[in-house]
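Order of listing sets the numbers, starting from 1, for every ligand and every atom in it.
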Amino acid sequence: MSRKMYDKFDLDKIDLSKEPSQEEPERQYYFMAKCRKWVREFERKNGHRPCFFTQTFGCQMNARDSEKLEGILSIIGFAKADSEEAADLVLYNTCTVREHANLKVYGRLGYLKTIKKKNPHMLIALCGCMMQEETVVEKIKKSYRFVDLVFGTHNLYKFAELLYNRISSGKITIDIWQDTDKIVEELPADRKYFFKSGVNIMFGCNNFCSYCIVPYVRGRERSREPEQIISEIRRLVESGVSEIMLLGQNVNSYGKTLKNPITFAELLLEVEKIEGLKRIRFMTSHPKDLSDELIQVMKSSKKICHQLHLPMQSGSSRILKEMNRKYTKESYLALVHKIREAIPDISLTTDIIVGFPGETEEDFAETLDVVRKVRFDSAFTFLYSKRTGTPAATMDNQVPEQIVKERFDRLLKEVQEIASEQIQRFEGQTLEVLAEEKNEQLDGYLTGRLSHGIVVHFAGGEDLIGKIIPVKLTQARGFYYYGIQPIED
Ligand code: 5AD
Ligand code: SF4
């Protein structure tokens, strides 16, 4: 953390007898200090610090948001609990991209109710995408009255203020904003890994794919200023990070809404210059916005990883039109061809939805055709899920569940077969691996990742975690490799 940041976080210097500032992030530092005072009183009364437990549902964006929320709790003085049972504060950061994600949260809430009966002082907080839906908040107010705090995606930076409000008033606090153009910088974050981190470069989405709820719950697209992004990455590198993942719903349209517009490729060139940074990843790329400039920057970069997540969603041009994706089967294949020409060893991954309204057997055959032609290293396959409020939800030709399931199984089989063949292409080579964690199944083994995102298990000591080391890929196994560290002469 830089000197400047550290001074700001010296909460004990904040004069709590004054009114809070109206400026951000100063206002939040004030409420963090207020909460810290509460934490100290809690500790005096109970003989231990209050503990928090967080559970994150959904995507990388949510994972990064949770690191920020945990960062705020740490600064306030909370300790981490291993389970809900041991926690004084439980925070669920929710997802609503598919219905299944919502059902999981309701299931967990049922379980929390029984814990709270035994442990009545426990605070329960809910945030994230699902809370941006009016029907969800209504349901919580009516049927889950033991919940203490509810906030959404736009006001997450206000967590300390909202928590203080709940603690001091003793009343349920609900604060959901419809949208915002505000980006609050310089708040703390607790990283899960010391050597890698996500970095938000933009928030929201303007694409309105017809099946997708994200634009409604994450709001309009807004980009962070490049200077802010660069200085955050510099700080991360100073504190030991060697790999970053630039995060946005559609990174290829980064910078368009800034006062001084810059392209995503230009941002990458700036990030590349940061000394000490070794690996750059990014997600997600929308095929319609992926520029030639970006391909060239990726090709000439020494740090950008040879992996690209390029969601295709469907292989049928007709369905793609209904999905409002703004590309066709042919243009998607042409783009893949162009990328592979420039970077032949690139690892391509994708997202595919099966059973979008009106999908026929012919449409599905087109999807299988693209899968066979592109040969993805891996693909996330999803059953279409109807999301209230999206245009696709009211389309009258919804595909029967049985047919969708049957297609899904066929697709999964194809995707897995191709992936296990694809992965063999590096067998026998020695490539750089970032050692990420101890392998929980195999004693004495570590698990790491290639630049291509592929997982490698190899024998090694824990002192290697966070380092990039050469590993010989001895055996491909379905989705991953076994490897050995080559013996130096
Ligand atoms: N049903 C199924 N999958 C969906 N996705 C987004 N919305 C839906 C939906 N309604 C998938 C898309 C997207 C990924 C993050 O989730 O494939 O790329
Ligand atoms: Fe959803 Fe499409 Fe935006 Fe991705 S690009 S978040 S699929 S609307």
Just which atoms of ligand 2 are under 4.0 Å from any heavy atom in Arg325?
2 (Fe), 7 (S)
Of all the heavy-atom pairs spanning Met61 and Asn200, show the shortest one and how long it is.
SD-ND2, 3.6 Å
Under 3.5 Å, is there a donor-acceptor pair linking the side chains of Gln28 and Glu24?
yes
Is NZ or CZ of Lys196 both nearer than 6.0 Å to the six-membered ring centre of Tyr193 and within 45° of the ring axis?
yes
Any donor-acceptor pair under 3.5 Å linking the side chain of Arg64 with the backbone of Gly198?
yes
For Thr360, does its backbone N or O pair with a side-chain atom of Asp363 as donor and acceptor, under 3.5 Å?
yes
Quick one about Arg387 and Thr96 (side-chain donor to acceptor, distance below 3.5 Å, no hydrogens or angles considered), yes or no?
yes
For ligand 1, would you mind listing the residues that have at least one heavy atom less than 4.0 Å away, ordered by chain and number?
Val97, Arg98, Tyr211, Gln313, Asp351, Ile353, Phe382, Leu383, Tyr384, Ser385, Arg387
Indicate whether the side chain of Asp377 and that of His452 have a donor and an acceptor atom separated by less than 3.5 Å.
no
Does one side chain, of Thr284 or Gln249, offer a donor that lies under 3.5 Å from an acceptor on the other?
no
Main-chain N/O of Tyr480 paired with Arg477 side-chain donor or acceptor, under 3.5 Å
no
Charged N to carboxylate O below 4.0 Å: is that the case for Lys192 and Glu70?
no
Show all protein N/O/S atoms under 2.8 Å from atom 1 (Fe) of ligand 2, or state that there are none.
Cys212 SG
